[in-house]
Amino acid sequence: MIVAERKPLTEIIKAVAPFEKVLVLGCGECVTVCMAGGDKEVKETAAAMAIARKKAGKELAVKTQTVERQCEFEYLEAARKLVEEADVVVSLACGVGIQTMNLHYAEVQTLPGVNTTFMGLPLQQGVWVENCLGCGNCVLEDTVGICPIARCSKSMLNGPCGGSQDGKCEVSKETECGWHLIVERLIKFDKLSALSEVKPPKDWATSHSGGPRKMVREDVKL
Amino acid sequence: MSMSNLQKVFASGAFAVTGELGPPKSAERKKIEHHAHLLKGCVDAVNLTDNQTAIVRTSSIACGRILIEEGLDPVIQITCRDRNRIAIQSDVLGAVALGMKNVLCLQGDHANFGNEPSAKNVNDLDSMNLIQSLRRMRDEQLFIGGEKLEAPIDLFIGAVENPFADPFEYRAYRLAKKVEAGADFIQTQAIFDMDRFELWMEKVRQLGIHKKIPIMAGVIPIKSLGAARYMKNNVSGMIVPDAIIDRIKAAENKKEEGVKLCVEMIEHLKTVEGVAGVHIMAVAWEEIVPEITARAGLLPRPKFD
């Protein structure tokens, strides 16, 4: 899933200061699951905005809605009425959803209400970890299902570096060393010898490094 | 192609000694020269760190040129943290053009250690890729992208390994991998836990790596109790046993105890099969290197015509 975190309320309140009619728009997908931009957070954010405005002695018309999926045009139609009534939209979807809104409703500004943090998974309630950088050339087969690009702080293909100690990364004692996990898992599957091959420099052209990416599939185009 | 002084020492079979110079956080050539003069005659070559611990300093290659002018043999450290493959290959060509030959390939400490924690960590290549790419530039005259160099270059390629990092059981294999990638010599992380180092060397010997290329054992003279504690608690990938901390703590003259400990370690390392030399990292205490090398019986250094 795409993991996000709501921006500090003070930042959101400051961003909507010039506007009178605000729509706070949530998304029913990833941000709902990671508790950053679902219906609950949308209502909280709207209430906080209204209270802050009231404290300042002014009025703010805040409406709320949560669409099923903010990153696809077809789901955005459900919000048309409220979007057209608003001066500005604060989206609590991920960066993809926010941009889809700005594309679909080009006449209205949609501002970000969350910081999109990473692609990852919820390890336990309240804890999410990054595990894919979308590099465009998956190597998980070689590393028994643990990504060295995302899980190693230095994205090494031939790790671990000399800063790995007690299973932790040099960056922080809170961060597991991805390569330590890879080595342990290879030992478990009796495949440690797979590491003896020197991996050549990675072709980063398939990643964002090659420029903003676009995928076209003729077989499914209408 | 002519050999670097360090290469000659290895070829002669003598126990090699290298030092380390940390470039200043300024452009003061005099400081670099001063440190170089302290090391001159005591070591066979001098490592120039590449923005060590991710702190901005004068470039290792610029300092390398100054060392050549002062009559020392530089070992240029190159990390993968700050430059992509275009910049690294370009810098290596520049270093060779300026008369440098010894290059040490490192991954580099993460930027969050240093004075620019907001920097983008590049890591286009990893340290293994760097070794393999330099070998290819030298042996096949090819850039990473496959284009041909217009003329051959000569390099003496060093690599590092850390016996004190984890997972320990993989560390000797990783060293073997670096040799396969193209390393010509090895430097280890600083040793304080001699038992663990010996255990690692045992594995290294089992794999026959010590017969393929020279392995330099790293040592750091401890200047104070604070320095020992700092290394124990704050330097990534380092093990400083409590016994060493206690020994420095108990000593009346801490500096003398640090020197004594370092000399004892060097004396011991000389007897470890497969150790071809010592790399003395007395950064910010360069003036102690003449005393350590003298007391450890490492002087005079071999001279070649």
Legend entry - Flag if over 12 foreign heavy atoms under 6.0 Å of CG, B/Asn233: yes

Inset, instruction - Select one option (side chain, backbone, both, neither) describing which atoms of A/Val183 are under 4.5 Å from chain B's heavy atoms. - result: side chain

Inset, instruction - Can you see which heavy atom on B/Ala165 is nearest to which on A/Gln165, and at what distance? - result: CA-CG, 4.5 Å

Inset, instruction - Measure the OG-CZ distance between A/Ser153 and B/Arg81 for me, rounded to the nearest 0.5 Å. - result: 13.5 Å

Inset, instruction - Check B/Asp126, B/Asn121, B/Asn123 against A/Lys154 for a side chain to side chain contact (heavy atoms under 4.5 Å, CB included) and give me the one that passes. - result: B/Asn123

Legend entry - Structural part of A/Ile187 lying under 4.5 Å from a heavy atom of chain B: side chain

Legend entry - OH/B/Tyr173: more than 12 non-hydrogen atoms of other groups inside 6.0 Å: no

Legend entry - Separation of A/Leu195 CG from B/Lys177 NZ (nearest 0.5 Å): 5.0 Å

Inset, instruction - Side chain from CB out, backbone as N, CA, C, O: work out which of these in A/Ser196 comes under 4.5 Å of a heavy atom of chain B, or both, or neither. - result: backbone

Legend entry - Toward chain A, the part of B/Phe113 with a non-hydrogen atom under 4.5 Å: side chain

Inset, instruction - Quick one: pull up CG in A/Leu192 and CD in B/Glu169 and give me the separation to the nearest 0.5 Å. - result: 8.0 Å

Legend entry - Within 6.0 Å of CG in B/Leu142, more than 12 heavy atoms from elsewhere: yes

Legend entry - Contact class of B/Gln189 relative to chain A, heavy atoms under 4.5 angstrom: neither

Inset, instruction - For each of A/Gly167, A/Cys169, A/Gly159, tally heavy-atom pairs with chain B at distances under 4.5 Å, and name the one with the top tally. - result: A/Gly159

Inset, instruction - Side chain from CB out, backbone as N, CA, C, O: work out which of these in B/Arg171 comes under 4.5 Å of a heavy atom of chain A, or both, or neither. - result: side chain

Legend entry - salt bridge (charged side-chain N to carboxylate O under 4.0 Å, His left out) partners for A/Glu197, two or more places apart: A/Lys199

Which donor-acceptor pairs under 3.5 Å do the side chains of residues 25-45 of chain A make with protein atoms, sequence neighbours left out?
| from | atom 1 | to | atom 2 | distance (Å) |
| --- | --- | --- | --- | --- |
| A/Glu29 | OE2 | A/Arg69 | NE | 3.0 |
| A/Glu29 | OE2 | A/Arg69 | NH2 | 3.2 |
| A/Thr32 | OG1 | A/Cys27 | O | 2.4 |
| A/Asp39 | OD1 | A/Thr66 | OG1 | 2.9 |
| A/Asp39 | OD2 | A/Lys43 | NZ | 2.7 |
| A/Lys40 | NZ | A/Glu44 | OE2 | 3.4 |
| A/Glu41 | OE1 | A/Gly38 | N | 2.8 |
| A/Glu44 | OE1 | A/Arg6 | NH1 | 3.4 |
| A/Thr45 | OG1 | A/Arg6 | NH1 | 2.7 |
| A/Thr45 | OG1 | A/Glu41 | O | 2.5 |

Inset, instruction - Grab the two heavy atoms, one from A/Glu170 and one from B/Gly108, that are nearest each other, plus how far apart they are. - result: OE2-O, 4.3 Å

Inset, instruction - Sort out for me which of A/Cys152, A/Ser155, A/Gly163, A/Pro200 touches chain B most, counting heavy-atom pairs under 4.5 Å. - result: A/Pro200

Inset, instruction - Specify which of B/Val122, B/Val160, B/Asn129 makes the most heavy-atom pairs with chain A at under 4.5 Å. - result: B/Asn129

Inset, instruction - Please look at B/Glu161 and chain A and tell me whether the side chain, the backbone, both or neither of the residue comes under 4.5 angstrom of a heavy atom of that chain. - result: neither

Inset, instruction - For A/Glu5, look at atom CD and say whether over 12 heavy atoms of other residues, nucleotides or ligands are found less than 6.0 Å away. - result: no

Inset, instruction - With the side chain counted from C-beta on, respond yes when A/Glu184 and B/Tyr170 share a heavy-atom pair under 4.5 Å apart, and no when they do not. - result: no

Legend entry - A/Asp166 versus B/Asp166, closest heavy-atom pair with distance: N-OD2, 2.5 Å

Legend entry - B/Ile239, part contacting chain A, at a heavy-atom distance under 4.5 Å: both

Legend entry - Heavy atoms from other residues, nucleotides or ligands near CD of B/Glu147 exceed 12 (cutoff 6.0 Å): no

Legend entry - B/Ser127/A/Met156 under side-chain contact (heavy atoms from CB on, under 4.5 Å): CA gap, chis, key distance, verdict: CA-CA 8 Å; B/Ser127 53; A/Met156 295 177 77; 3.9 Å; yes

Inset, instruction - First locate atom CD1 of B/Ile131, then atom CG of A/Asn158, and finally report the distance between them rounded to the nearest 0.5 Å. - result: 9.0 Å

Inset, instruction - State, to 0.1 Å, how close B/Arg174 and A/Cys161 come at their nearest heavy-atom pair, and which atoms those are. - result: NH2-CA, 4.1 Å

Legend entry - Euclidean distance, B/Ser236 OG relative to A/Lys168 NZ, rounded to 0.5 Å: 15.5 Å

Inset, instruction - Search all heavy atoms of B/Leu125 against all heavy atoms of A/Pro201 and return the closest pair with its distance. - result: CD2-CB, 3.6 Å

